[in-house]
Trainee: 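Right, I'll just put the structure down here and ask away after.
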Amino acid sequence: MQVVDRVGALLAAFSQEEPVLGLAECAERAQLSKSSAHRLLSGLAEIGMVERDPDGNWQIGELPLRLAAIRLSHRNMRRDAMTALAPLGRRFDAATAFSVPNGDEMVYVERTDSRLPFAPSARLGSTAPIWEGASGRAVLARLDPAQRRELCAGPRWSALSDEVRARIADDVEQSAERGYSADRGEFFDGIAGVASALGRRGEPVAALSLIVSVERMSPELEREMGRAVAELAREITGKATLPGVSR
């Protein structure tokens with residue numbers, strides 16, 4: 001039990017505010033020696049519970065994200081959402097995706113392919129900055145400005161040009177008004193799409209996406225798909241038992 005307690009203390013050291021920690025920080029917060037913390041973190045990294053970045057710092061790995069997806073499935077949210085989303089995918093000959101926010105990233109936990117010869121670029125379990133694609137921007141659109149600023153920060157965000165950051169901020173504002181976000185292939189080569197978030201304002205828990213090739217994404221198709229996915233997201237949010245969502 002002592003080992004379990006130490007592992008729990010190490011994992012609890014990470015937070016949305018501080019998702020990446022150095023060894024000394026991990027050890028201090030878990031009240032362990034550096035050698036003990038390093039030994040446990042190395043073991044956790046072997047099974048995907050944590051991972052080390054190029055700078056030698058530590059962060060939560062892919063296994064907890066997969067386990068989180070299983071927990072979401074247990075609540076029937078992912079299953080019910082994808083079942084309801086599938087007809088829209090067929091209607092628009094679009095790929096579909098279900099993704100969840102994890103700090104300042106989106107994790108793709110479910111998808112279906114389009115009948116047309118193209119495929120979404122995101123692998124299941126893969127992540128992307130929350131501001132890059134339609135799904136993340138749909139989540140940002142359900143947050144207040146302070147929450148958005150907190151998530152749109154860090155070196156990756158700062159590396160973008162002022163023009164791109166302004167365009168993203170404008171798209172998020174428009175998404176909040178119309179109920180869906182749009183990605184026109186700016187960050188994902190050849191891939192465009194629309195998305196809408198599940199969950200009440202201030203507490204989005206997931207996003208539903210319809211994905212097509214950039215060549216097919218006309219303004220008319222974007223509006224039609226956007227309105228359809230936004231209507232579906234409202235319907236699911238209103239009926240489902242979602243974390244943080246009152247009936």
Side-chain angles (χ1 to χ4, degrees), residues 10-22 25-26 29 45 48-69 71-72 97-111 120-176 180-183 186-188 191 193 195-209 242-244:
L10 274 175
L11 295 176
F14 299 94
S15 66
Q16 288 193 7
E17 293 74 24
E18 295 180 282
V20 180
L21 299 173
E25 294 171 305
C26 290
R29 295 183 185 193
M49 287 295 291
V50 298
E51 58 188 30
R52 207 170 184 182
D53 68 17
D55 296 323
N57 296 315
W58 297 90
Q59 59 191 10
I60 296 296
E62 288 192 4
L63 179 57
L65 304 180
R66 291 199 297 271
L67 294 175
R71 183 171 184 266
L72 289 171
F98 179 93
S99 54
V100 295
N102 180 55
D104 63 353
E105 293 184 321
M106 294 297 292
V107 185
Y108 297 89
V109 297
E110 188 69 86
R111 82 174 196 200
S121 59
R123 294 180 297 103
L124 296 185
S126 66
T127 63
I130 198 167
W131 38 262
E132 276 194 353
S135 61
R137 294 182 195 180
V139 167
L140 288 172
R142 301 301 296 272
L143 300 174
D144 62 42
Q147 291 172 304
R148 295 175 193 169
R149 286 194 296 272
E150 183 178 343
L151 294 177
C152 290
R156 290 184 294 185
W157 175 256
S158 300
L160 300 175
S161 68
D162 292 342
E163 179 184 356
V164 171
R165 290 200 299 268
R167 191 157 60 244
I168 290 172
D170 182 61
D171 182 65
V172 170
E173 288 293 340
Q174 291 183 38
S175 301
Y180 68 89
S181 63
D183 171 31
E186 185 171 20
F187 292 98
F188 301 106
I191 302 298
S196 191
L198 299 176
R200 67 186 181 188
R201 185 165 297 281
E203 297 181 3
V205 296
L208 305 179
S209 303
L242 302 176

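Along the sequence shown, residues are numbered consecutively beginning with 1. Fair warning: this is a prediction, and the values are worked out from it, not measured in the lab.
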Trainee: Residues two or more places apart in sequence or in another chain: which of them pass side chain to side chain donor-acceptor pair (under 3.5 Å) with Q147?
Mentor: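 Not a single residue meets the side chain to side chain donor-acceptor pair (under 3.5 Å) criterion with Q147.
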Trainee: L140 and C152: which non-hydrogen atoms are nearest, and at how many Å?
Mentor: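 Where L140 meets C152 most closely, the heavy atoms are CD1-SG, 3.7 Å.
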Trainee: If you define the side chain from C-beta out and look only at heavy atoms, does anything of L160 sit under 4.5 Å from I168?
Mentor: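 Of all side-chain heavy-atom pairs linking I168 with L160, at least one is under 4.5 Å.
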Trainee: Between the main-chain N or O of N57 and the side-chain N or O of D55, is there a donor-acceptor pair closer than 3.5 Å?
Mentor: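 No, D55 side chain to N57 backbone: no donor-acceptor pair under 3.5 Å.
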Trainee: Mind listing the closest non-hydrogen atom pair of G103 and I130 along with its distance?
Mentor: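 Here G103 and I130 meet closest at O-CD1, 4.2 Å.
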Trainee: Just by distance, do the side chain of E203 and the backbone of R200 share a donor-acceptor pair under 3.5 Å?
Mentor: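 Checked: no pair found.
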Trainee: Does S99 reach the main-chain N or O of Y108 with its side chain, forming a donor-acceptor pair under 3.5 Å?
Mentor: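 Absent.
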Trainee: Is any side-chain heavy atom of C26 closer than 4.5 Å to one of F14?
Mentor: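 Result yes, sub-4.5 Å side-chain heavy-atom pair found.
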Trainee: Do P204 and L143 touch side chain to side chain, with heavy atoms closer than 4.5 Å?
Mentor: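 In contact.
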Trainee: Any ring-ring contact (aromatic ring centres under 6.0 Å, His included) pairs touching residues 136-165, not counting sequence neighbours?
Mentor: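 Checked against ring-ring contact (aromatic ring centres under 6.0 Å, His included) - neighbours excluded - the pairs reaching residues 136-165 are W131-W157.
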Trainee: Quick one: side chain to side chain donor-acceptor pair (under 3.5 Å) partners of D170, sequence neighbours excluded?
Mentor: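 By the side chain to side chain donor-acceptor pair (under 3.5 Å) rule, D170 matches Q174.
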Trainee: What pair of heavy atoms forms the shortest contact from A195 to A138, and how long is it?
Mentor: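 The pair with the smallest heavy-atom distance is O-CB, 3.7 Å.
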Trainee: Tell me, do V20 and W58 make a side-chain contact under 4.5 Å, heavy atoms counted?
Mentor: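 SC-SC contact between V20 and W58 ruled out.
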Trainee: Using the test side-chain contact (heavy atoms from CB on, under 4.5 Å), find all partners of A153 that sit at least two apart in sequence or belong to another chain.
Mentor: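 Listed in chain order: nothing, the list is empty.
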Trainee: Might you point out which heavy atoms bring A176 and R201 nearest each other, and give the distance in Å?
Mentor: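 Heavy atoms of A176 and R201 come nearest at O-NH2, 4.1 Å.
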Trainee: Of all the heavy-atom pairs spanning A207 and V139, show the shortest one and how long it is.
Mentor: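 Closest approach of A207 to V139, heavy atoms only: CB-CG2, 4.3 Å.
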Trainee: Testing the basics here: between S209 and S135, what is the closest heavy-atom pair and its distance to 0.1 Å?
Mentor: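 Heavy atoms only, the tightest pair is OG-CB, 3.6 Å.
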Trainee: By side-chain contact (heavy atoms from CB on, under 4.5 Å), which residues pair with E173, not counting sequence neighbours?
Mentor: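 Applying side-chain contact (heavy atoms from CB on, under 4.5 Å) to E173 gives R148.
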Trainee: Once salt bridge (charged side-chain N to carboxylate O under 4.0 Å, His left out) is applied, do any residues pair with D162, and if so which ones, sequence neighbours excluded?
Mentor: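 Partners of D162 under the salt bridge (charged side-chain N to carboxylate O under 4.0 Å, His left out) test: R165.
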Trainee: I'd like to check the side chain to side chain donor-acceptor pair (under 3.5 Å) partners of Q59; sequence neighbours left out, ordered by chain and number.
Mentor: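 Q59 satisfies side chain to side chain donor-acceptor pair (under 3.5 Å) with E51 only.
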Trainee: Who pairs with R137 by salt bridge (charged side-chain N to carboxylate O under 4.0 Å, His left out), at least two apart in sequence or on another chain?
Mentor: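 Expected list: D171, E186.
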Trainee: Rounded to the nearest 0.5 Å, what separation is found between the CZ atom of R142 and the CG atom of L198?
Mentor: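 It is 8.5 Å, given to the nearest 0.5 Å.
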Trainee: State which residues pass side-chain contact (heavy atoms from CB on, under 4.5 Å) with E105; sequence neighbours excluded, sorted by chain then number.
Mentor: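 For E105, the residues satisfying side-chain contact (heavy atoms from CB on, under 4.5 Å) (neighbours in sequence not counted) are T127, R156.
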Trainee: Once side-chain contact (heavy atoms from CB on, under 4.5 Å) is applied, do any residues pair with S158, and if so which ones, sequence neighbours excluded?
Mentor: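 None.
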Trainee: Calculate, to the nearest 0.5 Å, the distance between atoms CG and CD1 belonging to L11 and I60 respectively.
Mentor: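 If we round to the nearest 0.5 Å, L11:CG and I60:CD1 are 5.0 Å apart.
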